[in-house]
Structure formats: C-alpha cells, structure tokens
S.K.: 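Submitted below is the structure of interest, expressed as structure tokens.
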Amino acid sequence: MKDDLTKKVNTYRDNLRKEMELPSTHVSHFKRPLERPFTKDERDEVTILCGGLTVAHDNMIKGVLEGMGHRAECLPVPDNDALSLGKEYCNRGQC
C-alpha cells in the first residue's frame, strides 16, 4: 500500500514538472576519482609538490617527505606579478 502511494506521488510530481517545464530531479553528483597509493618503485620518478603555507612550513613538509624517501619540491611564493596575472586570466574566486 505504501509503495503504491509513493509511486502515485512520484508520478504526479513528474507530471507537474513536465507541465511547468522544470528540469528533472535527477542530480549527477561528483564522484571522487580513485586514488592509488605511491609504491616504492615510484619514489624515484614522482615528485610531490607542496605549497600554500608559510615558507617555513613548506620547507618542513619538504624535509619530512625527503626524509621518508620521496622526492619533494616547494612551489614558489606568489608575488605581485603572479597576483596581476591571476586577476587577468582567472576567476575572482581563484585569485
């Protein structure tokens, strides 16, 4: 009985959406891509980039990663030229 009522409600809702020319209720959510771990064989080939914190923190993270046997590189600290380039070519939220 409850299933019949749910079907009727959904059918009625779908018909109303069609009459009002509203988009369907199907939502395609983002799915996180599969992340795979680093293997020991990849340590010499893969460089881990770190940045966005203070210079001291970036260097500390780089040191920890290198101490664990990984290759690491810190991204440079953005300057005024990078800021103006970002304002020119990127969205407001990215800058």
Side-chain angles (χ1 to χ4, degrees):
M1 175 105 177
K2 188 175 181 180
D3 293 334
D4 292 336
L5 183 62
T6 304
K7 271 186 193 177
K8 287 181 182 180
V9 168
N10 289 337
T11 305
Y12 181 71
R13 184 181 298 133
D14 292 340
N15 290 336
L16 281 177
R17 286 189 161 285
K18 286 178 186 175
E19 286 177 20
M20 301 172 101
E21 298 179 3
L22 294 173
S24 68
T25 57
H26 175 72
V27 177
S28 177
H29 291 286
F30 172 79
K31 290 187 180 179
R32 186 174 172 173
L34 179 66
E35 294 179 9
R36 58 182 189 86
F38 288 120
T39 61
K40 288 183 180 181
D41 299 333
E42 295 175 324
R43 284 189 180 181
D44 296 331
E45 300 170 7
V46 176
T47 302
I48 301 172
L49 300 176
C50 58
L53 301 172
T54 65
V55 176
H57 287 104
D58 288 342
N59 289 332
M60 181 181 66
I61 291 171
K62 180 181 176 185
V64 168
L65 290 171
E66 288 177 347
M68 293 171 55
H70 295 285
R71 289 174 44 188
E73 192 66 40
C74 293
L75 296 173
V77 178
D79 55 1
N80 286 335
D81 291 336
L83 178 66
S84 63
L85 188 69
K87 283 183 177 180
E88 185 173 350
Y89 292 107
C90 298
N91 294 332
R92 285 184 173 189
Q94 293 175 319
C95 189

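Throughout, residue positions are numbered sequentially from 1 according to the sequence presented.
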S.K.: Rounded to the nearest 0.5 Å, how far apart are CG of Asn15 and CZ of Arg17?
M.R.: 12.0 Å

S.K.: Rounded to the nearest 0.5 Å, what's the gap from NZ on Lys40 to NE2 on His70? Could you check?
M.R.: 10.5 Å

S.K.: Between Glu73 and Thr47, what is the shortest heavy-atom contact and its length?
M.R.: CB-CG2, 3.9 Å

S.K.: Let me confirm one number: the OG1-CG distance from Thr54 to Asn59, rounded to the nearest 0.5 Å.
M.R.: 8.5 Å

S.K.: Just distance, no hydrogens or angles: give the donor-acceptor pairs under 3.5 Å from side chains in residues 74-86, sequence neighbours left out.
M.R.:
| from | atom 1 | to | atom 2 | distance (Å) |
| --- | --- | --- | --- | --- |
| Asp79 | OD1 | Ala82 | N | 3.1 |
| Ser84 | OG | Asn80 | O | 3.4 |
| Ser84 | OG | Asp81 | O | 2.9 |

S.K.: Going from CG on Leu5 to CG on Asn10, what distance comes out if it is rounded to the nearest 0.5 angstrom?
M.R.: 9.5 Å

S.K.: Decide whether Ile48 and Val55 are clustered together by the hydrophobic rule: side chain heavy atoms of Ile, Leu, Val, Met, Phe, Trp, Tyr closer than 4.5 Å, transitively.
M.R.: no

S.K.: Between atom CG of Leu49 and atom NZ of Lys62, what is the distance when rounded to the nearest 0.5 Å?
M.R.: 11.0 Å

S.K.: Is it the case that one hydrophobic cluster holds both Val64 and Leu53, taking links as side-chain heavy atoms less than 4.5 Å apart, direct or via other members?
M.R.: no

S.K.: Measure the spacing between CG of Leu65 and CE of Met60 and express it to the nearest 0.5 Å.
M.R.: 10.5 Å

